[in-house]
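To start, the structure under review is shown below, and the notes come after it.
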Amino acid sequence: MKFKSLINDTLQEAFNKINIAPELITVSDASKPEFGDFQYNGIMAIAKKLGSNPRDIASLLVDNIHSDMISKVEVAGPGFVNIHIDNSWLGNQVTNIFKSENFTIEKNQNPKTVLIDYSGPNMAKEMHVGHLRSTIIGDSLANLFEFLGENVIRQNHIGDWGTQFGMLIAYLEEVQQNSNFDELKNLENFYKLAKKRFDEDVAFANKAREYVVKIQSGDKHCLELWQKFINISLSHCDEVYEKLGINLTKDNVRAESFYNDLLPIIISKLEASGLLKISDGAKCVFLPNSETPIIVQKSDGGYLYATTDLAAINYRNDILKVDRVCYVVDARQSEHFSGVFWVAKESGLCKQDVLLEHIAFGTMMDKSGKPFKTRDGGTVKLVDLLDEAIVRAKDTINDRANFADEEIEKLAKTIGIGAVKYSDLSINRESNYIFDWDKMLSFDGNTSLYMQYAYARIQSILNKFDSEIFGNIELQSDIEHKLAIMLLGFEDILNRAANDATPHTITSYLYDLATIFMRFYEQSPILKDDIPTDIKMSRLMLSSITARTIKKGLEILGIEVVDRL
RNA sequence: GCGUUCGUAGCUCAGCUGGAUAGAGCACUCGCCUUCUAAGCGAGCGGUCUCAGGUUCGAAUCCUGACGGACGUACCA
């Protein structure tokens, strides 16, 4: 349910009655419990505009609010409007959620086509921690938009084109002849060996350069080798996606090479738009207020990543008919994207009303605040990081004991991977974040384990009860009231997370929800003998909805729950 | 140099479409298990929201500047 919109509408009706037209009504959560559930702060601004007393207007407004949703509205301070939600109305609404398959959240009736461009590994290298954030933030956004009913296109813009591939293909051909094919299993090493050959052997280097030209001009033999290399690299990625539980398959791949044939067309389109200038022999587009241009074609005729990005935008605009594109890419590329977006719009490669967004994220740091590296300063392979997370998760659970070996393996995997994802998604994506194993696998505070624990506790109750739950929710206390308010706010939160492309608004919400549930759990016994049936049912329903909300929220983030912990 | 971005409790972070006394977790001090999972809950301690101006009835939030950090800065992606 769009809870806040409903309240906004109620206020709007009251404003209509008193002939005042506010610009935009947005109630916010009450800043203090004694102020009720929601507050409206817009009166002061309106009063100033009208030149009248805010308290007078507020009183007039309050007198004209009539809704069974609201039990009490009052004017406070200089002209705040404090809104209290009616308990029996609220109880009915959460009962509806209990009965609903989908939390009474309706799919968007006019779905937009939203393309999420994420993960984007480089085929010449194994996936490392640098790919983690793009992959899980992008995947969670795609899940979110899908849940809200948008038409989602997931795309993996893999780096499979460019000069380095000549070297790799030449080397691949060499080792294939030596029947030493296993080397490809370790991509990092393969790259290093190829580079070594390239640096040490002039003949090999020349061959590598030839191969670049051959691939790009469509030489059959070279393309076959290239394809073989890409397939193997992609399989490495698939293993990681599988382990991480990411919804990306080979079908989602739209590689750089995919746009190769479009590149000359982009140049001529840019020429036609009149934006293209030649500077030092390179074809460039100059941006307003910037001295450094975007180069789309090098002086030697080669194309650059900006050209590929423009081709991708053009393809997405013309063929895929997108309404919104989210580029989930490192914040360091923000200038690149703002430039490319400007060119795309200015040149007409992309319609004006398509929303092009750089979903930027910060760098992963270690505990001392330096970029996350291995002990000897190398990049950390993503597979290694995930495996370590699972091992550490196992240690954490083992302290608690009494699980069968088989169960513990499964638990460790779910919890370890979930913890990696949660700790990343729970941070405002734009800032750098400190990767800390201990915090990640802690049960305290806004962590995945606290959430898992809350969920498991509820499952334990529901399993114990194990019969039909019926009746209506009747809210008995402040904490039950608060819990119901939270549960009803789920859709608002999801919409906000989708609008701002901020998964961490979901984790914050889930943490608040779980915290309130824990308090409810402490003070409201459910299955004790002396609890009357109607209260028992009411509390079971509240618990059940809480569990389902936690599960759905985590599912959107790409995190699985466990029933026992 | 120029540009982008960040600066909130000892630490890790919320809050930022301007609203009432700035919130969590960790750490530290205390209290609560014969009763649904104590990996929990409650209480306390801890702040010049980097600094200086400005706009406003009202600023952590918006604007300007300074200081400090990160990143970027034409033929790599």
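Every chain is numbered from 1 and lettered A, B, ... according to where its sequence line falls, protein lines coming before strand lines. Heavy atoms only: backbone and side chains are in, while hydrogens, waters and symmetry mates are out.
Base orientation for B:C63: anti, the chi torsion being more than 90° from 0.
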Report, as a single string ordered 5' to 3', how protein heavy atoms within less than 4.0 Å touch nucleotides 70-77 of chain B: B base, S sugar-phosphate only, - not at all.
SSSSBBSB

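If you check every strand for non-hydrogen atoms under 4.0 Å, A:Y521 touches a base. Looking at heavy-atom distances under 4.0 Å, A:I427 makes contact with sugar-phosphate atoms alone, never a base.
No hydrogens or angles were tested; on distance alone, nothing pairs the side chain of A:D444 with the base of B:A24 as donor and acceptor under 3.5 Å.
For the OP1/OP2 pair of B:C57 and a distance below 4.0 Å, the side-chain nitrogens and oxygens of A:K48 include at least one atom meeting the criterion. The side chain of A:S460 places an N or O atom within less than 4.0 Å of a non-bridging phosphate oxygen (OP1 or OP2) of B:U37. OP1 and OP2 of B:C13 both lie 4.0 Å or more from every side-chain N or O belonging to A:K439.
Taking for each of A:T396 and A:R519 the nucleotide of RNA chain B with the nearest heavy atom, the 5'-most of the two is the partner of A:T396. Heavy-atom distances to RNA chain B give each of A:E430 and A:V81 a nearest nucleotide, and the one nearer the 5′ end belongs to A:E430.
Judged purely by atom type and a 3.5 angstrom limit, A:S543 uses its side chain to pair as donor or acceptor with the backbone of A:R539.
Stacking of A:F80 onto the six-membered ring of B:G19 is not present when judged by under 5.5 angstrom between centres and under 30° between planes.
When the P atom is used for both B:C26 and B:A22, the distance is 22 Å, rounded to whole Å.
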